[in-house]
2 protein chains.
Amino acid sequence: MEKKVKPCIADETILKQRFLALRDTLDLLSGKWRFCILLNLHYYEKLRFKDFFEVSKGISPKVLTSELTTLEAHQLIEKSIEFTPTKDIAYYRLTQHAQEIWHVLNTLIEFGLSNRKEVIQSLHQNDK
Amino acid sequence: MEKKVKPCIADETILKQRFLALRDTLDLLSGKWRFCILLNLHYYEKLRFKDFFEVSKGISPKVLTSELTTLEAHQLIEKSIEFTPTKDIAYYRLTQHAQEIWHVLNTLIEFGLSNRKEVIQSLHQNDK
DNA sequence: CATGACACTTTCCTAAAGGTAACTAACCAC
DNA sequence: GTGGTTAGTTACCTTTAGGAAAGTGTCATG
């Protein structure tokens, strides 16, 4: 999922660890649908596979599978089964660990909101 | 620079504005070299075009130009000319407005640092 | 006036992310 | 046992981000 050739900076000590940490986080969020999935899961608490097609309009099952797999591998979401008398239902939900990323997303959102007012208006005309 | 077909969520009111704001911010940071450039500019304060090839190892002039252009369009960096007796030197530096994004980057870095210890070790073996 | 440094631009190419569509396997309802 | 729903696969195709390499225009220095 990540690119093979990764960006790289010169400084070996002070900057590098922070740089790698930043890249990790952005790798985690940069998939086209990742943050969409996380945001929806935060809002709806739990979602089934099919639900994502309703709340994340435009995603395909192939992409959804791969995004869910990646997010699960990074322990941001987890799959749980609810057993009912007639059948078992699989749900996806955020992990405890993902609560931390929620703070991150909020920071990004707050920046985006303030930015949107000033700068972005000339771009993104397509999504009023 | 942004993808034509953009991810989309269902909810029209509560979630949507926050979703768009989040996408804006991630669009801004998701370029392969964007955050590298920003981080380096924060660290070195000002850099010339050629300097980026030293501090951002692996970037090509074509990509550098397009990333700088985008960042400048979003008013995160600016080009300034320093006049010396013999010649003029062009520098890039962060704008006032970018100070705000520095807080954002720090949040991403802090998350990445704590995450790196727990989860990521099995991945990214290639960049100790 | 030639040579080199600087700041790009242009052209071409590749790899990978993502889209489309069809298919499968399991389960339940009727 | 047929049809529908769910949860995915699989195969193929398109788009686009980014890389490589060479070229351009402008200065300045020798």
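Every chain is numbered from 1 and lettered A, B, ... according to where its sequence line falls, protein lines coming before strand lines.
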Separation of D:dA17 P from B:Asp27 CG (nearest whole Å): 10 Å
If I take atom NZ in residue B:Lys32 and atom C1' in nucleotide C:dA16, what distance separates them, rounded to the nearest angstrom? 11 Å
Spacing of B:Trp33 atom CH2 relative to D:dG18 atom C1', expressed in whole Å: 10 Å
For A:Glu72, check side chain to side chain donor-acceptor pair (under 3.5 Å) against everything at least two apart and list the hits. none
Which residues satisfy the side chain to side chain donor-acceptor pair (under 3.5 Å) test with B:Lys62, sequence neighbours excluded? none
Rounded to whole Å, CZ of B:Phe52 lies from P of C:dC6 at a distance of 15 Å
Given 3.5 Å as the limit, does a donor-acceptor pair link the side chain of A:Arg93 with the main chain of A:Leu47, or not? no
Residues at least two apart in sequence or cross-chain that pass side chain to side chain contact (heavy atoms under 4.5 Å, CB included) with B:Ala98, listed by chain then number, are B:Leu76, B:Leu94, B:Thr95, B:Ile101
Rounded to the nearest angstrom, tell me the gap between atom CZ in A:Phe83 and atom C1' in C:dC28. 17 Å
Suppose we screen for side chain to side chain donor-acceptor pair (under 3.5 Å). Which residues come up paired with A:Asn106, at least two apart in sequence or across chains? B:Arg18
Taken to the nearest whole Å, CD/B:Glu54 to C1'/C:dC6 is 13 Å
Indicate for each nucleotide in nucleotides 5-12 of chain D, in 5' to 3' sequence, whether protein heavy atoms under 4.0 Å reach the base (B), only the sugar-phosphate (S), or nothing (-). -SSBBBB-
Length of the CD-C1' vector between A:Glu67 and C:dA16, whole Å: 13 Å
5′-ward residue of the pair A:Asp88/A:Ser60 relative to DNA chain C: A:Ser60
Distance check needed: D:dG18 P versus B:Ile37 CD1, whole Å only. 11 Å
State which residues pass side chain to side chain donor-acceptor pair (under 3.5 Å) with B:Lys46; sequence neighbours excluded, sorted by chain then number. B:Glu82
